[in-house]
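Worksheet for the structure shown next.
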Amino acid sequence: MSYVETLDMPIRSFWSFAKNINRIRAQSELRLMDVFHSGQSAEYAEKVRAKLEEELGKVMKAPPKPIDHTAGVNKLKALAT
């Protein structure tokens, strides 16, 4: 957002955005504190890891699609002859 766009914002919207920025920063700083403190105790490290894995969720991976090379091989054979 540019400086001019910020000045054109309604004042309530501006302060709402400002509060959200502080909230997001606080959340990331708390996460860093958790990570730093997990180095102190193996048990706490496991709790932090479990919490982060829960937040991450399950990542879905699609199986690779089989590639049919026959068309490309036939073109190469045609070029060779």
For Y3, the other hydrophobic cluster members (4.5 Å side-chain criterion, sorted by chain and number) are L7

When rounded to the nearest 0.5 Å, the distance separating CD of E29 from CD1 of I24 is 12.5 Å

Applying side chain to side chain contact (heavy atoms under 4.5 Å, CB included), name anything that partners S2, two or more places apart in sequence or on another chain. V4, E5

Would you mind listing every side-chain hydrogen bond (donor to acceptor under 3.5 Å, both in side chains) that reaches into residues 69-81, with sequence neighbours excluded? D68-T70

Hydrophobic cluster (4.5 angstrom, side-chain heavy atoms) - remaining members for L32: F36

Could you check whether atom CZ of F17 has more than 12 heavy atoms from other residues, nucleotides or ligands sitting under 6.0 Å from it? no

Smallest heavy-atom separation, M9 atom then F14 atom, equals CE-N, 4.0 Å

Give every residue pair that meets the salt bridge (charged side-chain N to carboxylate O under 4.0 Å, His left out) criterion with at least one member in residues 31-45, sequence neighbours excluded. R31-E55, D34-K51, E43-K47

Linked hydrophobic residues, I67 as query - side chain contacts closer than 4.5 Å: none

Output every pair passing salt bridge (charged side-chain N to carboxylate O under 4.0 Å, His left out) with a member in residues 7-17, not counting sequence neighbours, ordered by first then second residue. none

